[in-house]
Amino acid sequence: MENYQPKEIEKKWQQKWEDSRLYKDYGRAKKFYALNMFPYPSGAGLHVGHPKGNIATDVVARFKMLSGYSVLHPMGWDAFGLPAENYAIKNKVHPSIAVAENIATFKKQLEAFGFTYDWDREIDTTDPQYYKWTQWIFLKLFEKGLAYESNEPVNWCPSCKTVLSNEDLEDGLCERCGTQVVQKRLRQWVLKMTAYADRLLVDLDSEDLDWEDSIIAQQKNWIGKSEGAIVKFSIFNSQFSNKSQNPNDQNFIEVFTTRVDTIFGCTYCVVAPEHKIIEQLKAQISNYDEVEAYLIASQNKTILERTELQKEKTGVKLQGVEVVNPFNNETVPLFVADYVLGGYGTGAVMAVPAHDERDFEFAKKYDLEIKKSVAPYIELTGAFSPRLDKETTRRNTVTAIIKHPNENKYLLLKWQDSLGFVGGGIESDEKSEEAIMREIKEETGYKNFHIENVIIEHLYGHGYKARKEKNNFDHDTVFFVKFDDLEKESIADTETHEIIWVNEDEMDGIVNLDHHLYMWSRLKNEEAVFIKDGILINSESYSGLTSVEAREKMTAWLEENKLGKKKVNFKMRDWIFSRQRYWGEPIPIVHCEKCGAVGVPEEQLPVRLPEVENYEPTGTGESPLANIEQWVNTTCPKCGGPAKRETNTMPQWAGSSWYYLRYIDPKNDKKLIDQQLEKDWMPVDLYVGGAEHATRHLLYARFWHKFLFDLGVVTTIEPFKKLMHVGLILAQDGRKMSKRWNNVINPDEVIGQFGADSMRLYEMFMGPFSQSIAWSTNGVVGTRKFLEKVWKLSSQINTEEGRINTETQNNKKIQTLLHKTIKKVTGDIENFRFNTAISQLMILVNSLEKEYAKSATTKTHMRKEDYEKLLLILSPFAPHIAEELWQKLGNEQSIFLQTWPVADEKYLKDEEIEMVVQVNGKVRERLMVSPDVTEDEIKETALESEKVKIFTAGKEIKKVIFVPEKLINIVVS
RNA sequence: GCCCAAGUGGUGGAAUUGGUAUACACGCACGACUCAAAAUCGUGUGGCGCAAGCCAUGGGAGUUCGAGUCUCCCCUUGGGCACCA
C-alpha cells in the first residue's frame, strides 16, 4: 500500500465534495444550523488561531450530517468598518478593491481545511443587495421611534475621526487605535436599545439559551440593572424658612438611590457638573464663579481622567443652596462634584457617608458630617441558626471584650455549647455602661477593671439559644474592657460556665459565635463605612426594620406622598449608531427643511454608497460623503422639496447584527427572509466565536433580533441557542500571535507540511475548546503520526493464512473497546469535548495496532466492519483521510452519506474488570474479577490476599463498603 | 473594589454521580536500525526510598469509610466591569 500523502488526497476530495454538492442536501427531516462568527477579511490573512472555531463547527456539522440532519453551515464576510477602511487608506487602494482581494485570500485559506461550507450562500455585508436589508431594518427602527437624532455629548476618537459607542471603548480609549477619547457634542443617530434592556436581561435566563456562564455574566453586568427609588429633595428657600415638603413644589432635585433605607444618614447631596439645576439656581448660588470654574475644569477632563483609579474626589459646595430630606425635613448642603455621573440615574445623588465608600471619602475630605443609620446584623450559623419553630425574644444587650491586666490574653466564658465574650441583657432603667459592669462582676467575679472604649455602639445578633430553647434577637453594644488586676470574689454559678484566658492569635479558632467573631474582627480593625444591608437605627419610626423591609416601606411612603417613586435603572446606554466615515452603510434618511428627517422609501433601497475620489475622514464631524454634492442633494420623498441626504454611515456592527438570518435566504430580493424558511431553520443551533464579542456583537444582534421578532420577521425570541466561545491559540512563546512579536504561524504552511487533517485534529486535541492554549508544532507531529497509524492499519483487514475471524477472547476485548469509543466520541462531540474524543480514538487505534499489526501470535484479522466504524467516527475530525480510506475499501458512496454508528449495549460490558481493594481508604490490592461479582465473593477473596492481610491482621472489621464494578473498602479499627 | 473562570508531572492536559490521580499527546532518557544523521520502532518516565512503603491535584481547615471532585477561609493567574449611588 502506498504511503499517506495528504497533499494529494485532500485537494482531490475537496474538489469532489464541492462538485457533488455533498453538503447541500437540505431535504432531510431534522435540521441543524451551525454558525461561525464571520470574519473581517483583514489584509493580514489568517493565522492558525482563526480556524479553530471553524474546525469545531465543521466537526459538529459533519457529525450531524452523519446523524441524519440537514445541516446549514454557511460562511460570509463582515467587510464594512474601520479595519477595512484603514487598511485601504494605508495601502492606497479603494476599500471595495481591498476587500475583494482580502476576501479571496481568506476564502482560499479556509478552503484548504475542507470545510463543509455552502458557498452558494456566501454573503458580504458590503454588497448593496445585502445592505439594502440592513438599511431596511434601520428604516423600521426609525418608523417605530427607536432610531432618533440626539445632540448629547458623545465619545469622539480624534485619530479615527469618528464617534464611538460606549461598547467601542476600552478604559476610555478607542478600542481600535488606543487613542484617548474626548467628549464632543455632535448630532448623532442613536438606537433606543434601552427600550429592550429588560428583555435583553430576562431572556438570558431563558431555557432556550444554552450559553456559557461567563458570557451570560458579562452581558448581565453590562446591562447593569439596578432597582431603587427616586427621591425628591426640595430646594430650601431661606427667605420663607419653610422646610416642610410640598409635592407641588417646582423647586426640587431628584436623586436616584438603591439604598433609600440609609436616607436618615444623608448629610449632603451631590449633583453632576452637567446637571441643569446649577444653571437654574445661578442667582441663588453665592459662589457661582467658583462653581463655574469647576464646571469648566471638569468638562475639559477626558473620560480617562474622570474615571482614573484612586483619583481624589473633588467638588464645590453650592453656597446659599440647601435641600430638604423629605423623611425628616432636615436641610443638608448641596455640592457639585464630578464623581457623580451626569448620564446615569438622575445625575444627582443623596450622600450617606456612613454607608457609602465614595461619599465617605468625599465627606472626610470636605469635613462633612457622618451619621450612622444602619447597624450590622449577624445571623448565627450552624447549631445556633435561628429556629423558625421557636419563639424569639428581642432585647437590648451588652458585651465586653476583656483584656488581661498584664498578658496579651482575652477572657472568654465557656458554656455548655458556646464559647464567647462576657455579656447579658440590659435591665430596665440601667445604662449600658452600668449593665456591662454588673455583668462582668456577676459572671466572672473580678472586681477591678475599666471600660477602655465602645467598639460597636449598635450590633444586631440573631441566633438560637439551646439552653433557653428560644431565639435571641439582640441589640447589642460592645465594650472593650481592661482588667486592672486579677483580684476577685467567688461567684454563685460556677457550675454552668468557666472562665478561660485565650491568646490573641488563637481567638479566631476558638470563639464559635458568629456575632462574637464579628466583634473580635472589629476590635482589631475599625470599619469606617458599613455598606451592607443591616438593621436601621436613628431612623425614627423605621428604626429596627431590616434594610429590605425599610426600602419597601420607605418607597411606599414616598409614592403615597408624591415625594418619589420606585425606579429601575440600567447601566447600558442607547446605541450611538452613526459614524463619520466612508466605509459603512449609508443611513437611509434625507433631511428636508420642511419635513425634518424623513426615511427613504423602501422601494428606493438600497441607498448606495457613492464612488468617491477621496474617502479619508474629514475630521470635522462630517463624513466624507458630505462633499459629494450630487449625491447629497436630493428631493424630499414627502413634500418633493429640496433635501439633503444623511451623510453619516452605520457602525461596523450593523451588518453583523442580522447576517445569520440572511444565510437562510441569501438571494431573496423581495424580503429580508422568507417566513417559512425562517421557521424551518431558526434558531441558530450552534454559534461559535470569540468571547470578545460578549458585550457588543452578541448584545446588538440580540437587540435587533428582538426588534425583528416584534415586527413579525422572526419567530424565536433569541437568535442563538447554544453559544460556545473559542479559546485563543497563543504563540509558542505564550504571547498573543501578532506581527509585532513576529510569532505568527500561518495555517497554509502547517497544512503544507502536515496536511489539513493533521492540523484539524491537533487544534481539536490541544485541550478544552474554550481555553487559551499555546501552539506547539510538535503537537501536529503527534496527530500526523496518529493518522499514519490509521492509514497503515487498513492493510490488516485482509485475511492472511492462519488468521481467521473467530470470536476469540481478544476479539471480544476489541469489540468492547470499539463500542466504548463510539459511545464516548458521540457524547464528546455533542458536548464540545473534542480533546477527549480524540484521545479515545487514539486509545482504540493503539489497541488495534497492537492486536493486529504488531502481535505475531494473533489468530484473528481485523474485521472490515470494525475498521469502517473507526473511519466513520474519525471522519468529522479528519474528513479527507477517512473518505480516502473508505473508498479504498471498495465503497463507492461518500462516507458522509453513511449513518453514524451506534454503540451496542451488549458489547459495552467488560468480561473482566480490575477491582480495587482498599483498607481504610487506601489501595492495597487489585483483583481481576467478573463485573458481576457480589460483595460477599469479593470480600472473601480480598481478605485472603496476603497484601490485605498485612493491614487487617489482628484488627476488627468495622465496616465494608462495596461499590459494584469499582472497589471494596474494608474499614478496620 | 465587584463579577466570572481556572490552579493537577518537565509541557498541553485526562479523571460521568465523591470511588484505582496523572488517560492521551508532547518532551526527555536509554536501546534497536544506520558509517552517521533524520525518520521509524521498542522500553522507561510524579517525588522520596534498596525495598516494604511513604508523600503528592495552589495553601489551610471541615464533611466522609473514601475528596482533584462537596463546604468554609486564604493565595495566585486569566478574563470582564469599574465613582453606575
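In what follows, every heavy atom counts, from backbone to side chain, and hydrogens, waters and symmetry copies are set aside. In what follows, chains are A, B, ... by sequence order, proteins preceding strands, each numbered from 1. Every value quoted in this text rests on a predicted model; they were computed, and no experiment measured them.
Across A:Q840, A:K823, A:R833, a single residue satisfies side chain to side chain donor-acceptor pair (under 3.5 Å) together with A:D828, and that is A:R833.
Under 3.5 Å, the side chain of A:K571 and the base of B:C81 form no donor-acceptor pair of N or O atoms.
A:Y339 has no side-chain polar atom (N or O) that falls below the 4.0 Å cut-off from OP1 or OP2 of B:A85.
Taking the centre of each ring, A:F362 and A:F335 come in below the 6.0 Å mark. In summary, the aromatic rings of A:Y268 and A:Y366 are positioned with their centroids too far apart to meet the 6.0 Å limit.
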Bracket notation of RNA chain B in which parentheses pair within the strand, [ ] cross earlier pairs, and | pairs with another strand (Watson-Crick or G-U, under 3.5 Å): (((((((..(((......[....)))((((((.......))))))(((....)))..(((((..]....))))))))))))....

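Legend: residues meeting salt bridge (Lys or Arg N to Asp or Glu O under 4.0 Å) with A:D574, ordered by chain and number and at least two apart, are absent. A:K371 meets the salt bridge (Lys or Arg N to Asp or Glu O under 4.0 Å) test with A:E330; sequence neighbours excluded. Qualifying salt bridge (Lys or Arg N to Asp or Glu O under 4.0 Å) partners for A:D356, counting only residues two or more places apart in sequence or in other chains: A:R358.
Rounded to a whole angstrom, the distance from the P atom of B:A52 to that of B:U45 is 14 Å. Using atom C1' as the reference point in both B:U63 and B:G27, the two lie 41 Å apart (nearest Å). Remark: the separation of the P atoms in B:G18 and B:U64 is 16 Å, to the nearest Å. Separating the P atom of B:A39 from that of B:U22 is a span of 30 Å, rounded to the nearest Å. Only the C1' atoms considered, B:A15 is 15 Å distant from B:G9, to the nearest whole Å. Nucleotides B:G46 and B:A14 are separated by 15 Å at their C1' atoms, to the nearest Å. Here, B:C65 and B:C73 have their C1' atoms 26 Å apart, quoted to the whole Å.
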Annotated protein contacts, base or backbone, on nucleotides 20-27 of chain B with a non-hydrogen cut-off under 4.0 Å, one of B, S, - each: BS-BBSSS

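The backbone N or O of A:A550 lies less than 3.5 Å from no partner atom in the side chain of A:D261, so there is not a single donor-acceptor pair. A donor-acceptor contact shorter than 3.5 Å is absent between the side chain of A:R696 and the backbone of A:A694.
One finds no salt bridge joining A:D757 and A:R784 here, because no Lys/Arg side-chain nitrogen approaches an Asp/Glu carboxylate oxygen to under 4.0 Å.
Candidate nucleotides B:A5, B:A85, B:G19 were compared by shortest atom distance to the side chain of A:I961, and B:G19 ranks first. In the set B:C65, B:A85, B:C4, B:A85 carries the atom at the smallest distance from any side-chain atom of A:F256.
In this structure, A:I773 reaches the sugar-phosphate backbone alone: every heavy-atom distance under 4.0 Å involves primed, P, OP1 or OP2 atoms, never a base.
Counting non-hydrogen atoms of neighbouring residues, nucleotides and ligands closer than 6.0 angstrom, the NZ atom of A:K939 reaches no more than 12 such neighbours.
For the atom pair NZ (A:K313) and OH (A:Y339), the distance works out to 7.0 Å, reported to the nearest 0.5 Å.
Summary of the strand contacts: A:S772 and A:Q218 both lie near RNA chain B, and taking for each the nucleotide with the nearest heavy atom, the more 5' one is attributed to A:S772.
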Protein N or O to nucleotides 55-59 of chain B N or O, pairs below 3.5 Å:
residue	atom	partner	partner atom	Å
B:C55	OP2	A:K922	NZ	3.0

